[in-house]
Amino acid sequence: MRSSTIPSAKAPAIKRRRIRWREQIPAWLFLLPALVVFAYFVWYPMLVAIGYSFQHVSLVGESTWVGLSNYQRMLADPLFVTAWQNIFNYTLLSLVFGFFVPVLLALMINEMRRATPFFQLVYYLPTLIPVTIALLVWRQIYAPEGGLLNSLLQMVSLPPQLWLQNPALAKFAIVIIMTWAGAGGTVLIYLAALQDIPMELYEAAELDGFGPWQRVRYIAIPNLASKMQVLLVLQIIAVVQVFAEPMLLTEGGPANSTLTPVLASYRIAFLQNDFGLASAWSITLLVVLSIFSIIHVWASNRNS
Amino acid sequence: MSTVQRGILSHTEARSLGGRLTYWLIFAFLLALSLAFVFPFFYALTAGLKNSAEIYRPGLNLLPKVAQWKNYADAWQRFNMLGMFRNSFAVALGGVAGQLLISSLAAYSLARLKPVGGKLMLLIFLMSLAIPGIAYIIPLYITLVRLPILNISLLNNYWGLWLPYSVSAFAILMLKNFFEQIPQDIYDAAAVDGASPLRIFFTITLPLSRSILLILAMLSFVGLWKDFMLPLLVLREASLQPITVRLYTLVQNFPQNLQLAAAFMAMVPPLIVAFLMQRYMKGGMLLGSVKG
């Protein structure tokens, strides 16, 4: 009975020719809700974003095509260079301060035997806190007067700093928050990779006279390398999109030193109502992020 | 009793004097750093307990002389925290429900009903993972201001968040892979009994997928609870806004001790979720790490 109702898997050519339309209808009906939400909230806006970047967009009247003028205005704006320079610096800072922290933490937590789950949880907690709530607290920590950091500096007789008001420090202050908020999740990924390493590798290395450091250097790190590559790209993608921290904490200042492309395009769109110009910024972001996304997909495929 | 897995150090090495010394050094370091990691929580809690003179006093006075629990009651009432929490729950739960329903229907279709062109569809769904939402948030906003064809506005309406939140190529992919692993025999038996695809989906597929649905629900709940940009744009009416959008602007003109008391209360629900779901957290995170 089975063979008569279910087409044999061994004859895909025949199966393909005989599409059973009665089964196609429920298949597409099941798919329909997803198609509708993707069409409305992903595919359509994506196409529109490209269109808008070449238009003068009006929410009430007709939009008019203006060619490349949005892009010309974007490039002529000194803030464009500032925002992207800032993002470059943010990324560098976050890689210097944020990238190796989770690797080291994972290596150390992995050695903690019974205490491993505890540390895992503690470092993970900040990742659960919405950024706006965390910023309420961080603002007090960084406050110029009565702020916690400056009180600490005072205790060791160092001059207080204007953490968020000094262009040289503001980016750094934000990167610290981002590291605090993100490191725990990454630690879990590295920990899992460490725990996937077969114990026999370490035991064999011991027999060959490898000391603990050599085991870290020649076994643990190479086994983490593929994850590190992927997470490096993910971290860059995340940092390029920084928005809430500079928007709420520093308003892009001082002297635009914390301004980011997302914040700039948010202002152009929603404060200046210039959706065309803002879309040109978005498309620029899209191109930059896509490059990293492609690298990410390539890196994760190569590693799996 | 399960034996503890060895780390890079072997058990013998760990038991030696040097090993123990290393262990306690690392332990002390990790403990100190973890105190720094949880410090903002602690700081919000204790600063929220200070009176209005103490909070502005310079110097490192971490603990209040007399704990002002009244601040918490004050903040709770003045900021209408209950209302904000309710909004946050409504936004996140609706998004989670939409995402799971729509993604599992689509995944079931792709995994079991095999529509013609299903592989291509999956690829087109997955494309959205490579393009961060921030790149098209402006046209998304304009779409929500006036939905094409239907010509309705979803501004100041939770549907304006629930529907965009229902989009998740990641959930579709994870569920499709999971559904494909459910043994064919179970489906064959149901098909022999004459069950319709919808019936099979609700009575067999979904109950068998509870574990992955739970993990996906938790991941997206935390993500949606934290979301800031889209609710900021969609919900202009203060009474509708979730805590992520409302609290920061609301507290600006209030004393710092009230602000921090409110911030601490706002931190509690995600932490409760974390403790309840600790068992699933790691699996969830690892699943999340695949996300692009």
Side-chain angles (χ1 to χ4, degrees), chain A residues 19 24 26-28 30-31 33-34 37-38 40-42 44-46 48-49 52 108 110-111 113-114 119 122-123 125-126 128-133 136-137 140 146 151-152 155 185 188-189 192 199 202 206 212 215-216 220 241 244 248 262 269 275 278-279 282 285-286 289-290 293 296-297, chain B residues 4 6-10 26-27 30 34 37-38 40 43-44 47 56-60 102 105-106 108-109 113-116 125 128 130-132 134-136 138-140 143 163-164 166-167 197 222 225-226 228-229 244 247-248 256 259-260 263 266-267 270-271 274 278 282 285-286 289 292:
Chain A
I19 294 168
Q24 285 297 304
W28 282 97
F30 271 75
L31 215 47
V37 291
F38 269 81
Y40 262 115
F41 306 113
V42 182
Y44 174 74
M46 252 182 221
V48 167
Y52 276 177
M108 290 197 251
N110 192 42
E111 288 307 305
R113 317 274 161 120
R114 285 182 199 289
F119 285 121
V122 169
Y123 287 108
L125 290 181
L128 299 167
I129 304 304
V131 58
T132 53
I133 310 294
L136 279 175
V137 184
Q140 305 301 334
S151 302
L152 277 177
M155 275 175 64
L188 287 194
I189 296 168
M199 291 303 120
Y202 293 129
E206 272 163 47
R215 272 171 260 156
V216 172
Q241 300 180 53
L248 298 172
V262 177
F275 289 102
S279 293
S282 298
L285 257 171
L286 178 78
L289 290 170
S290 300
S293 284
H296 168 60
V297 171
Chain B
V4 181
R6 60 163 285 169
I8 289 163
L9 291 181
S10 70
I26 295 178
F27 185 85
L30 282 176
S34 63
F37 263 69
V38 294
Y43 183 63
Y56 294 106
R57 190 180 303 151
L60 196 67
I102 288 178
L105 282 169
Y108 181 71
S109 171
L113 304 173
K114 308 259 186 213
V116 179
F125 284 138
S128 69
I131 300 169
I134 209 85
Y136 53 90
I138 291 164
L140 174 63
T143 309
L163 291 174
S166 299
V167 169
V222 172
W225 181 278
K226 284 170 69 174
F228 171 64
M229 183 86 145
T244 47
L247 191 65
Y248 195 90
Q256 280 173 15
Q259 291 186 18
L260 287 164
M267 287 170 168
L271 296 189
Q278 207 182 337
K282 204 167 146 203
M285 255 322 290
L286 298 179
S289 70

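Fair warning: this is a prediction, and the values are worked out from it, not measured in the lab. Chain A is the first sequence line, chain B the second, and so forth, proteins listed ahead of strands; every chain is numbered from 1. For the numbers below, each heavy atom of this structure counts, side chains included, while hydrogens, waters and symmetry mates do not.
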Requested in this report: Look only at the side chain of B/Tyr108 and the backbone of A/Phe30, and say whether a donor-acceptor pair between them is shorter than 3.5 Å.
Outcome: no
Query raised in the report: Can you name the closest pair of heavy atoms from B/Ala263 and A/Ile133 and give their distance?
Result: O-CG2, 3.4 Å
Query - Heavy-atom proximity to chain B below 4.5 Å, by part of A/Gln140 - result: both
Query raised in the report: For A/Ala220, is it the side chain, the backbone, both or neither that has a heavy atom under 4.5 Å from a heavy atom of chain B?
Result: side chain
Query raised in the report: Distance-only, no hydrogens or angles: does the A/Tyr123 side chain make a donor-acceptor pair with backbone N or O of B/Ser34 under 3.5 Å?
Result: yes
Report task. Look only at the side chain of A/Tyr40 and the backbone of B/Thr143, and say whether a donor-acceptor pair between them is shorter than 3.5 Å. Result -> no
**Report entry** Distance-minimising heavy-atom pair for B/Ala135 and A/Ser282
**Finding:** O-CB, 3.2 Å
Requested in this report: Taking the side chain as every heavy atom from C-beta outward, state whether A/Val131 and B/Lys226 have any pair of such atoms under 4.5 Å apart.
Outcome: no
Query raised in the report: When only pairs under 4.5 Å are counted, which of B/Val38, B/Leu247, B/Leu30 shares the most heavy-atom pairs with chain A?
Result: B/Leu30
Requested in this report: Identify which part of B/Leu260 has an atom lying under 4.5 Å from any heavy atom of chain A, answering side chain, backbone, both or neither.
Outcome: side chain
Query raised in the report: Rounded to the nearest 0.5 Å, what separation is found between the CD1 atom of B/Ile8 and the CZ atom of A/Arg215?
Result: 8.5 Å
Query - Winner by heavy-atom pair count (cut-off under 4.5 Å) against chain B, out of A/Leu248, A/Val48, A/Val216 - result: A/Leu248
Report task. State, yes or no, whether a side-chain contact exists between B/Ile102 and A/Phe38 at a heavy-atom distance under 4.5 Å. Result -> no
Report summary line: Turns out that what part of A/Val37 lies under 4.5 Å from chain B's heavy atoms comes down to both
Query raised in the report: Okay, side chain of B/Ser109, backbone of A/Trp28: is any donor-acceptor separation there less than 3.5 Å?
Result: no
Query raised in the report: Where is the tightest heavy-atom contact between B/Phe228 and A/Ala244, given as atom of each residue plus distance?
Result: CD2-CB, 3.8 Å
Query raised in the report: At their closest point, which heavy atom of A/Val42 faces which heavy atom of B/Ser128, and how far apart are they?
Result: CG1-CB, 3.7 Å
Report task. Heavy atoms only, distances under 4.5 angstrom: which of B/Ala44, B/Pro115, B/Ala106 has the most pairs with chain A? Name it, please. Result -> B/Pro115
Query raised in the report: So do the side chains of A/Leu289 and B/Ile131 get within less than 4.5 Å of each other, counting heavy atoms only?
Result: no
Requested in this report: Check ring pair (Phe, Tyr, Trp, His ring centres under 6.0 Å) between A/Tyr52 and all other residues, then give those that pass, not counting sequence neighbours.
Outcome: none
Query raised in the report: Is it true that a side-chain atom of B/Gln259 and a backbone atom of A/Leu136 form a donor plus acceptor pair closer than 3.5 Å?
Result: no
Query - Close side-chain approach of B/Tyr43 and A/Val137, heavy atoms under 4.5 Å - result: yes
Report task. Under the ring pair (Phe, Tyr, Trp, His ring centres under 6.0 Å) rule, collect the residues that match up with A/Phe119, sequence neighbours excluded. Result -> B/Phe27
Report task. Could you have a look at A/Leu285, A/Ile129, A/Val122 and say which one has the most heavy-atom pairs with chain B under 4.5 angstrom? Result -> A/Ile129
**Report entry** Side-chain heavy-atom pair B/Tyr136, A/Leu286 within 4.5 angstrom cut-off
**Finding:** no
**Report entry** Any donor-acceptor pair under 3.5 Å from A/Thr132 side chain to B/Thr244 backbone
**Finding:** yes
Query - Any A/Tyr202 side-chain heavy atom under 4.5 Å of B/Ser10 side chain - result: no
